[in-house]
Amino acid sequence: MGFKPVKVGICGLGTVGSGTFNVLQRNQEEISRRAGRVIRVEQIGARRPNPLADTNGTQIVADVFAVARNPEIDVVVELIGGCDVARELVLEAIENGKHVVTANKALIAVHGNEIFEAAQRKNVMVAFEASVAGGIPIVKAIREGLAANSINWVAGIINGTGNFILTEMRDKGRAFEDVLAEAQQLGYAEADPTFDVEGIDAAHKLTILASLAFGVPLQFSKAYTEGISKITADDVNYAEQLGYRIKHLGITRRTDAGIELRVHPTLIPEKRLIANVDGVMNAVLVDADAVGPTLYYGAGAGAEPTASAVIADLVDVVRTLTADRDNRVPHLAFHPSRLSDLPMLPMEEVETAYYLRLQAAENPGVLAEITRILADQQISIDAIMQHGTDDQLVPIIILTHVVKEVRMNAAIKAIEALETISGEVTRIRVEILDAN
Ligand code: HSE
């Protein structure tokens, strides 16, 4: 191979950093046959040593910024995570003319617009395949593979920890906290596990997917986020009786009024392939006008699956090192000067169907009162289920047709105000996920 090796600096030597180093070493021959050049790790920046990582004598420095400034290095791989230091590091690398590969979803979702602008100015690339759904090449699929299409919507199980918790609750009847502790031991959970269970991690990833699908700037602050911590075993069971599974979905859909950007527990028909994605696995379903629905499935986290995406980015960067910025794949799939200003819709404007669970007194006329309230809000009922019990309170489950969220909010408020209703109404959104 006639070209000089490309020199890479890896910042961060945790799970993904050491995984990336290992895969680069193990598959060096095949990777260089693909890239057309040898990809060599020149230096590693690690604020803390990792006794578990065998870095084969590669120089390690404690100051990650030294890697960003090292004149020998062509590409900086940012794997330290978090937002503050990572942002500074990436901007410093760009200022020094380095290309950047990152697995950092929070960084891209929150600071991506600023970072891409800096990269455009300096004519360098910032690649972020590993930031969404780990090893699944979903960024490449949407940005390049679906480039002919007008995309209608994207729905994904994009947090492995949350999916693992819901799967174990359903299959084994395990308690929420118990399963979360196991996910933490497996090394999947975020440093702050509320990011997983409250949907923040998924919202970071969904923000990126929405921008790639619809060509809009990254707008994490507009994402609606609802976690899984209030899902009960009863809801899981009732959903199953009605032919649905509960999944924690990130959904982004383009409508005439704007773009939906929402993460919340969702009932989906059990016959959908995505409803059967279990455990820590991720899946992203994309509905596009020409190709129809396509589904991408695989490991959404872990050392080597994430390394797989990081190294694919490295190969991409190496292949286009000498290309001008106008001839590279744009960061957000659409040319930066052609991004759309279609607004993100507030949650109240979103249209979806609903599962409602309420506790009603065993009195004549209760159901009539409830259905009257729903009718007043023009909410049409799809199914109703009431189980007789010996208790004073009976659970009533209602599935509705699609309605604007603002109407459902009003209906729930009115139902909760009824004397015959005890406590809060549980509301879980329902998505059929059929192609347009
Ligand atoms: N905490 C994330 C998950 C890791 O559970 O999917 C990958 O981003």
Side-chain angles (χ1 to χ4, degrees), residues 12 14-20 23 77-83 86 101-112 127-139 154-169 176-210 212 218 220 223 225-229 231 247-251 263-266 274 277-285 296-313:
T15 307
V16 181
S18 47
T20 299
V23 176
V77 180
E78 183 279 304
L79 301 173
I80 60 177
C83 265
V101 173
T102 178
N104 193 330
K105 56 248 161 159
L107 178 73
I108 296 298
V110 178
H111 300 295
F128 51 95
E129 180 65 69
S131 66
V132 186
I136 305 174
I138 188 64
V139 172
V154 179
I157 295 172
I158 42 182
N159 181 269
T161 302
N163 201 42
F164 180 58
I165 292 172
L166 288 176
T167 305
E168 291 286 299
M169 280 173 72
F176 185 92
E177 291 74 19
D178 176 32
V179 191
L180 174 60
E182 192 183 335
Q184 286 170 308
Q185 273 162 19
L186 285 171
Y188 273 76
E190 295 299 300
D192 176 352
T194 61
F195 273 41
D196 294 303
V197 297
E198 297 306 336
I200 299 159
D201 175 75
H204 284 143
K205 296 164 180 165
L206 185 70
T207 299
I208 299 171
L209 291 175
L212 297 174
L218 295 148
F220 171 69
T225 309
E226 188 179 307
I228 53 171
S229 46
I231 300 291
K247 290 291 177 189
H248 200 196
L249 284 194
I251 301 170
V263 175
H264 50 68
T266 315
I274 195 169
V277 170
D278 286 334
V280 293
M281 299 309 271
N282 281 198
V284 182
L285 179 57
Y296 309 84
Y297 168 87
E304 295 212 354
T306 312
S308 165
V310 168
I311 297 168
D313 272 350

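None of the values given here were measured: they were computed from a predicted structure. In each ligand, atom 1 is the first atom listed, and ligand 1 is the first ligand listed.
- Taking 4.5 Å as the limit, some side-chain heavy atom of His204 sits within range of a side-chain heavy atom of Val110.
- His248 approaches Pro265 most closely through the heavy-atom pair CD2-N, 3.5 Å.
- Inclusion of Thr161 in the set of residues having an N or O under 3.5 Å from an N or O of ligand 1 is warranted.
- Shortest contact from atom 8 (O) of ligand 1 to any protein heavy atom: Lys105 NZ, 2.6 Å.
- Per-residue contacts place Asp201 under 4.0 angstrom from the following atoms of ligand 1 (heavy atoms of the residue considered): 2 (C), 8 (O).
- Not a single heavy atom of Gly134 sits closer than 4.0 Å to an atom of ligand 1.
- Protein heavy atom at the shortest distance from atom 4 (C) of ligand 1 is Glu190 OE2, 3.3 Å.
- Residue contacts with ligand 1 for Thr306 are absent, since no atom lies close enough (heavy atoms, distance under 4.0 Å).
- Judged purely by distance below 3.5 Å, without hydrogens or angles, the side chains of Ser229 and Glu198 pair a donor atom with an acceptor atom.
- You'll find the side chain of Ile251 reaches within 4.5 Å of the side chain of His264, heavy atoms only.
- In terms of protein heavy-atom proximity, atom 6 (O) of ligand 1 is closest to Gly160 N, 2.7 Å.
- Near Asp196, with a cut-off below 4.0 Å to any heavy atom, the atoms of ligand 1 are 1 (N), 2 (C), 3 (C), 5 (O).
- Listed by number with element, the atoms of ligand 1 under 4.0 Å from a non-hydrogen atom of Lys205 are 2 (C), 6 (O), 7 (C), 8 (O).
- Listed here is the closest heavy atom pair of Gly156 and Ile274: CA-CD1, 4.4 Å.
- Those atoms of ligand 1 with a heavy atom of Ala301 less than 4.0 angstrom away are 4 (C), 7 (C).
- Phe195 is not listed as a side-chain neighbour of Thr161, based on a closest heavy-atom distance of 4.5 Å or more.
- Within the set Ala183, Pro305, Gly300, the minimum heavy-atom distance to atom 7 (C) of ligand 1 is found for Gly300.
- Listed here is the closest heavy atom pair of Ala155 and Leu249: CB-CD1, 4.4 Å.
- Between Tyr297 and Ile157 the shortest side-chain heavy-atom distance does not fall below 4.5 Å.
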